[in-house]
Amino acid sequence: CALVIMEPLRGGNLANPTATVQSIYDDFPVKRSAIDWAFRHLIDYPQVSTILSGMTTLEQLKENIEIFSQPDALPGCLTAAEHDLLQQVKLAYESVGGVPCTGCDYCMPCPNGLNIPRTFSLYNDGVRFGDFELSKRSYWFTARMGIGLEADKCTECGECEKKCPQGIEIIKELKTAHQALSGWVE
């Protein structure tokens with residue numbers, strides 16, 4: 001089975017780790033950039049045949065070439081300690097606030113056409129990575145591409161809250177998410 005990976009750096013968000021994540025990397029004896037760690041995580045899987053990484057500068061291209069040219073950049077390249085490190089990084093990102101939505105879709109379909117799990121996912125990415133620009137753009141496109149309406153179109157019918165197994169105050173959280181995600185100008 002061959003896998004092609006898109007967005008290996010989550011739209012560049014993993015290239016600029018939070019202070020907490022950076023301190024986890026800094027405390028580890030093997031020193032690598034956050035980008036190197038993200039790519040190595042994917043390289044480690046033998047099923048991955050291609051990693052598509054968007055680049056906008058010559059420096060990014062050079063860094064990617066250097067990472068993928070390392071002689072140990074092969075499936076199985078991570079040690080048990082490095083796997084543990086990346087698990088700590090994952091938990092650090094997940095521990096940052098946001099809406100505790102698991103994306104189960106039990107709240108769907110929304111009678112008003114909102115894509116509630118997508119809205120919460122975009123909001124959580126903005127919170128998690130400390131940068132809402134990519135999330136704002138995706139939210140804007142969500143409405144324009146017919147994937148769901150912006151959350152300010154919620155009529156507060158409450159249908160979603162009755163079905164949410166996490167007991168999320170969806171109406172309230174949609175208002176918070178909409179406020180954080182609004183304002184993208186294309």
Side-chain angles (χ1 to χ4, degrees), residues 1-108 115-135 137-139 141-142 145-148 165-166:
C1 169
L3 294 177
V4 176
I5 304 297
M6 292 180 61
E7 296 288 340
L9 300 176
R10 293 191 58 115
N13 285 319
L14 293 177
N16 302 302
T18 64
T20 302
V21 170
Q22 187 60 54
S23 70
I24 294 169
Y25 287 143
D26 290 344
D27 290 344
F28 196 71
V30 177
K31 305 302 178 198
R32 293 190 175 111
S33 71
I35 295 168
D36 195 350
W37 282 116
F39 285 146
R40 282 179 173 274
H41 168 72
L42 296 171
I43 292 167
D44 192 58
Y45 289 94
Q47 305 91 328
V48 174
S49 62
T50 304
I51 300 171
L52 303 172
S53 175
M55 296 159 280
T56 55
T57 68
L58 182 59
E59 288 306 310
Q60 290 171 345
L61 175 63
K62 288 178 180 177
E63 183 176 14
N64 286 1
I65 290 170
E66 182 168 331
I67 290 168
F68 286 94
S69 297
Q70 294 297 312
D72 66 338
L74 300 167
C77 62
L78 296 178
T79 66
E82 291 170 330
H83 279 282
D84 289 344
L85 166 79
L86 294 177
Q87 183 61 29
Q88 289 175 39
V89 167
K90 178 180 181 277
L91 293 173
Y93 276 122
E94 289 174 347
S95 72
V96 178
V99 179
C101 176
T102 62
C104 70
D105 286 347
Y106 286 3
C107 59
M108 299 296 285
N115 189 331
I116 298 164
R118 178 160 173 76
T119 299
F120 288 156
S121 175
L122 292 171
Y123 173 72
N124 286 344
D125 281 351
V127 170
R128 186 171 292 126
F129 298 111
D131 183 0
F132 278 90
E133 289 311 298
L134 183 62
S135 291
R137 185 170 190 264
S138 295
Y139 184 66
F141 272 110
T142 293
M145 301 300 289
I147 303 168
Q166 277 75 38

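This one's a predicted model, so the numbers in the text were calculated from it and none came from an experiment.
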What residues, two or more places apart in sequence or in another chain, satisfy ring pair (Phe, Tyr, Trp, His ring centres under 6.0 Å) together with [X]?
X    : result
Y139 : H178
Y45  : H41
F68  : F39

Side-chain donor-acceptor contacts of residues 15-24 below 3.5 Å, not counting sequence neighbours, with atom names and distances?
from: T18; atom 1: OG1; to: V21; atom 2: N; distance (Å): 3.3
from: Q22; atom 1: NE2; to: D26; atom 2: OD1; distance (Å): 2.8
from: S23; atom 1: OG; to: T20; atom 2: O; distance (Å): 2.7

- Residues, nucleotides or ligands: over 12 heavy atoms within 6.0 Å of Y106 OH: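 Atom OH in Y106 is not crowded, with 12 or fewer foreign heavy atoms closer than 6.0 Å.
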
State whether the number of non-hydrogen atoms from other residues, nucleotides or ligands found under 6.0 Å of E66 atom CD is greater than 12.
->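 No - once you tally the heavy atoms of other residues, nucleotides and ligands closer than 6.0 Å, there are 12 at most.
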
**Prompt:** Do any N or O atoms from the side chain of S69 and from the backbone of I65 form a donor-acceptor pair under 3.5 angstrom?
**Reply:** yes

Q) Checking side chain to side chain contact (heavy atoms under 4.5 Å, CB included) for the pair Y25/L85: CA distance, chi angles, key distance, verdict? A) CA-CA 8 Å; Y25 287 143; L85 166 79; 4.2 Å; yes

Kindly give the heavy-atom pair with the smallest separation between [X] and [Y], and that separation in Å.
X    : Y    : result
C104 : Q166 : SG-OE1, 4.3 Å
P8   : L14  : O-CD1, 3.7 Å
W37  : V30  : CZ2-O, 3.7 Å
A81  : F28  : O-CE1, 3.7 Å

With rounding to the nearest 0.5 Å, note down the distance linking [atom1] in [X] to [atom2] in [Y].
X    : Y    : atom1 : atom2 : answer
I67  : S33  : CD1   : OG    : 4.5 Å
C77  : L42  : SG    : CG    : 10.0 Å
N115 : S121 : CG    : OG    : 9.5 Å

Q: With sequence neighbours excluded, tell me which residues meet side chain to side chain donor-acceptor pair (under 3.5 Å) with Q87.
A: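 Partners of Q87 under the side chain to side chain donor-acceptor pair (under 3.5 Å) test: none.
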
With sequence neighbours left out, the residues meeting side chain to side chain donor-acceptor pair (under 3.5 Å) with K90 are E94

Quiz prompt | Qualifying salt bridge (charged side-chain N to carboxylate O under 4.0 Å, His left out) pairs, either residue in residues 73-84, two or more places apart | solution =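 Every pair satisfying salt bridge (charged side-chain N to carboxylate O under 4.0 Å, His left out) with a residue in residues 73-84: R32-E82.
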
If you look only at pairs with a residue in residues 37-49, which of them pass as a salt bridge (charged side-chain N to carboxylate O under 4.0 Å, His left out), with sequence neighbours excluded?
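Of all non-adjacent pairs touching residues 37-49, those that pass salt bridge (charged side-chain N to carboxylate O under 4.0 Å, His left out) are D36-R40, R40-D72.
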
Item to complete: Please name all residues satisfying salt bridge (Lys or Arg N to Asp or Glu O under 4.0 Å) with E63, sequence neighbours left out, ordered by chain then number.
Response: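 Partners of E63 under the salt bridge (Lys or Arg N to Asp or Glu O under 4.0 Å) test: none.
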
- request: Using the ring-ring contact (aromatic ring centres under 6.0 Å, His included) rule, collect all pairs that involve residues 46-67, keeping only residues at least two apart or in two chains.
  value: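 For residues 46-67, and leaving out neighbouring residues, there are no ring-ring contact (aromatic ring centres under 6.0 Å, His included) pairs at all.
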
For residues 50-59, run the donor-acceptor check on the side chains, cut-off 3.5 Å, and write out each pair with its distance to 0.1 Å, sequence neighbours left out.
from: S53; atom 1: OG; to: N64; atom 2: ND2; distance (Å): 3.2
from: T56; atom 1: OG1; to: Q60; atom 2: OE1; distance (Å): 3.1
from: T57; atom 1: OG1; to: Q60; atom 2: N; distance (Å): 3.0

Side chain to side chain contact (heavy atoms under 4.5 Å, CB included) filter on R128, not counting sequence neighbours, yields Y93, N124, D125

* Asked: Hey, does P117 have a side-chain heavy atom less than 4.5 Å from the side chain of C107?
  ->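 C107 reaches P117 side chain to side chain.
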
